[in-house]
Each structure stands twice: as C-alpha cells, then as structure tokens.
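What follows is one structure encoded as structure tokens, with my remarks underneath.
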Amino acid sequence: MKLTDALRGEHAVLYDLFAHLDEAIRTRDDGTHLRGAVAVLARLLVAHARIEEELLFPRLEPHLGRAGPLAVMRDEHSKIDQLLDAAGTETEVAALKELLSQLLQLARSHFSKEESVLFDMAERFIGADALTEMGAHWATARNVALGGQGCLATH
Ligand SMILES: [Fe+2]
Ligand SMILES: [Fe+2]
C-alpha cells in the first residue's frame with residue numbers, strides 16, 4: 001500500500017471525528033466533554049502530522065524545495081498545533097467552541113489541499129514503488145500488519 005493511500009485513510013477517520021466535534025459544538029455546553037474531545041483530536045492530529053513530516057515531506061523536498069507547498073503545509077501544521085494548545089487550556093465554553101470551530105475549518109482546508117495537491121504531487125514525483133516502501137514504514141510506525149501473500153486465500 002502506498003503511503004499516500006494510508007494518509008488518505010487516516011484523513012477519512014479524522015473526518016468522522018471532525019463531524020463528531022461539529023455535533024458536540026452544536027449540542028453540548030459541557031466543558032469537560034468538549035475538552036475530552038479536544039484531547040482525542042490533539043492526539044490523533046499530532047500523530048498524523050508527525051507521520052507526514054517525518055516520512056513524506058523530506059522525500060518531497062528534493063522535488064519541491066523547502067518553500068512553496070511544503071512551507072504552506074508545515075505552517076498549517078504549526079497553526080493547528082497552536083489552536084490545539086489554546087483549546088487545551090481554554091476554560092470558558094464559548095471561547096473553547098470558537099477555537100474548536102477555527103481548528104476544524106483549518107484542518108479541513110489543510111486536508112483538502114493535501115488530498116487534491118500534495119499527495120498527487122507525491123504520486124507523480126516519488127512514484128508508486130517508493131511510496132509503497134514508505135507505506136511499509138507507515139505500517140511499522142502505526143503497528144498495522146500489511147498482508148503479504150493473500151493469507152486469506154483458499155487453497
Ligand atoms: Fe498535514
Ligand atoms: Fe494529512
């Protein structure tokens with residue numbers, strides 16, 4: 001499996017969490033519940049961004065340079081981190097909801113740029129074989145077993 005496929009799959013799971021948070025913003029006024037949801041979001045988003053920064057961005061750098069799309073992606077990761085930190089310490093519910101809304105808007109637009117531009121560039125510049133090898137590193141980092149030779153096949 002290509003690394004870009006794995007990252008798109010992680011986005012899919014995170015979109016579901018974003019939808020849960022949209023609902024919590026609309027329906028919950030309980031700060032403890034909202035802060036719990038922020039803690040889960042922070043853990044998953046930070047781990048996802050770390051995988052991109054460690055496995056993908058360095059391999060794109062020779063093709064794209066440090067400026068341009070990679071600078072934009074890194075800058076958005078750090079803005080997301082700042083919003084997560086601010087949300088993690090905000091005690092007032094209305095302000096926390098406002099921070100969360102900004103965070104979800106930024107994360108969705110960031111993911112959309114990665115899916116429509118960056119991952120496509122990775123597939124063109126890095127190529128399927130190298131991305132598949134990088135997918136194996138992703139699986140190790142994420143503790144996911146990759147099936148080798150069709151172990152469910154009937155004989
Ligand atoms: Fe990202
Ligand atoms: Fe991403």
Side-chain angles (χ1 to χ4, degrees), residues 1-28 33-90 95-148:
M1 179 181 54
K2 299 195 296 275
L3 174 64
T4 40
D5 293 333
L7 292 172
R8 287 179 202 274
E10 292 195 357
H11 282 193
V13 173
L14 283 159
Y15 284 136
D16 211 17
L17 180 59
F18 297 166
H20 171 75
L21 280 157
D22 282 336
E23 199 185 310
I25 291 169
R26 273 199 320 274
T27 61
R28 305 289 295 246
H33 177 86
L34 290 168
R35 275 189 294 278
V38 170
V40 173
L41 179 68
R43 186 178 173 112
L44 298 188
L45 270 181
V46 167
H48 174 76
R50 186 176 304 132
I51 293 267
E52 289 174 345
E53 289 186 12
E54 289 177 1
L55 293 183
L56 182 64
F57 295 0
R59 295 290 289 270
L60 271 170
E61 231 166 68
H63 304 282
L64 303 178
R66 280 190 71 82
L70 286 179
V72 174
M73 294 301 107
R74 286 189 172 110
D75 184 52
E76 288 181 352
H77 282 185
S78 72
K79 286 193 178 117
I80 288 170
D81 282 348
Q82 285 162 20
L83 283 167
L84 285 168
D85 285 346
T89 54
E90 179 57 62
L96 175 55
K97 286 186 175 187
E98 176 52 36
L99 283 168
L100 256 180
S101 299
Q102 285 177 34
L103 187 51
L104 292 177
Q105 195 179 15
L106 175 57
R108 283 184 167 113
S109 102
H110 175 78
F111 279 21
S112 155
K113 278 179 236 168
E114 288 180 339
E115 290 160 23
S116 59
V117 180
L118 198 79
F119 296 167
D120 184 59
M121 284 175 164
E123 280 153 14
R124 268 186 293 136
F125 290 129
I126 300 173
D129 288 350
L131 281 169
T132 300
E133 209 181 298
M134 292 154 75
H137 292 290
W138 167 86
T140 303
R142 289 304 211 181
N143 296 312
V144 171
L146 290 181

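The first residue in the sequence is number 1, and the count goes up from there. Atoms within each ligand, like the ligands themselves, are counted from 1 in listed order. Quantities reported herein were computed from a predicted structural model and do not represent experimental measurements.
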Any donor and acceptor pair, going by atom type alone, linking the side chain of [X] with main-chain N or O of [Y] inside 3.5 Å?
X     : Y      : value
Lys2  : Thr132 : no
Lys79 : Leu106 : no
Arg28 : His33  : no

Quiz item: Do you know which N/O/S atom name in His11 is closest to the Fe ion (ligand 2)?
Solution: NE2
Practice problem: On the 0 to 90° scale, with breaks at 30° and 60°, tag the Phe111-Phe18 ring pair as parallel, tilted or perpendicular. | Solution: tilted
Self-check item: Those residues that, when tested against Glu52, pass side chain to side chain donor-acceptor pair (under 3.5 Å) (two or more places apart)
Solution: His48, His77
Quiz prompt | Derivation and outcome, side chain to side chain donor-acceptor pair (under 3.5 Å), residues Trp138 and Glu54 | solution = CA-CA 10 Å; Trp138 167 86; Glu54 289 177 1; over 6 Å; no
Quiz prompt | Distance below 2.8 Å from the Fe ion (ligand 1): protein N/O/S atoms | solution = Glu52 OE1, His77 NE2, His110 NE2, Glu114 OE2
